[in-house]
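Counting begins at 1 with the first residue of the sequence. Atoms within each ligand, like the ligands themselves, are counted from 1 in listed order.
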Amino acid sequence: MKKAKDYIIFPLDVSSFTEAEKLVELLSMHVGVFKIGLELFIKCGHQIVNLINKKKECKIFLDLKLHDIPETVFRAMKIVAGLNVFFTTVHCGESERMLKAAADGCMGKVNVLGVTVLTSVSSSDIVNAGFKKEFCDDMHKLVLKRAHMIKKAGCKGIVCSGLEIKAVRRAMGDEFIIVTPGIRPLWDNLQKDDQKRVTTPAQAVSAGADYIVIGRPIKDAVNPADAAVKIAAEIE
Ligand code: C5P
């Protein structure tokens, strides 16, 4: 059965193998998934993937947020499919063909998630990027449109903010995986950093998130393991 800690995806947002290894040691009993982003993957990609895989305690989310022509995405995802990771990401972008290429490249070996609208993006950013008025007035509509694209393309779920979870769950059903970043616990004073659309761990999970991505409130805590335990207790 899924435990409260299994909901927690901890991003290893550090620039060296040594720092990442320390965080893996410290947190593997307290989180369910380690997310490896671009910074760490560019620095020491396979080394850190192998370390987490050897420990066998946590799943891996290889967050590459790919966005390229379908053939390039397909070929990159074929390599990702051999790395024994649980999640990977592609930007929803403009074309369903690219999303299908991502799903096809992974050959069912990795759960491909579509990044809908980054939680660091606000509605004024959407206006400035030149989106249609209906999407500027209501960002839910853009997230839902992209969720439908992702599902149709054969990917497994999306990354979206806590503010859109209920609408996505209602529209896409229970099997569709929802991963939510931009999480800030009340005890961290809802400090947003560069995040714009934030929710608490409890709000996100009760709205229907399958996983939450929570980084700085754990990493910057005086005791990161205690912070993760506190978040799991809130989810429970
Ligand atoms: O909790 P914190 O703000 O530190 O989390 C930052 C992490 O969340 C980064 O690894 C970033 O890539 C990830 N993130 C994401 N999707 C978003 C926003 C942030 O995966 N829409």
| query | If we only count N/O pairs under 3.5 Å, is G215 in contact with ligand 1? | reply | yes

| said: Could you check whether R169 pairs with D210 (Lys NZ or Arg NE/NH1/NH2 to Asp/Glu carboxylate O, under 4.0 Å)? | reply: yes

| task | Check each atom of ligand 1 against the heavy atoms of P11 and keep those under 4.0 Å away; list them by number with element. | result | 7 (C), 10 (O)

| request: Check K65 against ligand 1 and report side chain, backbone, both or neither, counting heavy atoms closer than 4.0 Å. | output: side chain

| query | Which of the numbered atoms in ligand 1 are below 4.0 angstrom from a heavy atom of K35? | reply | 9 (C), 10 (O), 11 (C), 12 (O), 13 (C), 20 (O)

| By number and element, which atoms of ligand 1 are closer than 4.0 Å to a non-hydrogen atom of R184? | 1 (O), 2 (P), 3 (O), 4 (O)

| query | Quick one: which ligand 1 atoms are inside 4.0 Å of a heavy atom on P181? | reply | 14 (N), 15 (C), 16 (N), 17 (C), 18 (C), 19 (C), 21 (N)

| query | Are the side chain of E234 and the backbone N or O of A202 linked by a donor-acceptor pair below 3.5 Å? | reply | yes

| said: Just to check, does K219 reach to within less than 4.0 Å of ligand 1 when the distance is taken from its heavy atoms? | reply: no

| query | What atoms of ligand 1 come within less than 4.0 Å of a heavy atom belonging to D63? | reply | 12 (O), 20 (O)

| Between V213, I36, V198, which one has a non-hydrogen atom sitting closest to atom 8 (O) of ligand 1? | V213

| query | Between F10 and F34, how do the two ring planes meet: parallel, tilted or perpendicular, split at 30° and 60°? | reply | perpendicular

| Any N or O of R216 that comes nearer than 3.5 Å to an N or O of ligand 1? | yes

| Donor-acceptor contact present, side-chain N50 to main-chain H46, <3.5 Å | yes

| field | Plane angle bin for Y211 and Y7 - parallel if under 30°, tilted between 30 and 60°, otherwise perpendicular | value | tilted

| query | More than 12 foreign heavy atoms under 6.0 Å from NZ of K55: is that the case here? | reply | yes

| task | Report yes or no: does D6 contribute a side-chain atom to a donor-acceptor pair with the main-chain N or O of K2 at less than 3.5 Å? | result | no

| query | How does V115 reach ligand 1, by side chain, by backbone, by both or by neither, if only non-hydrogen atoms under 4.0 Å count? | reply | neither

| said: Just to be sure I read this right, does ligand 1 sit under 4.0 Å from the backbone of L118, its side chain, both, or neither, counting only heavy atoms? | reply: both

| With no hydrogens and no angle check, is any side-chain donor or acceptor of D137 less than 3.5 Å from a backbone partner on E134? | no

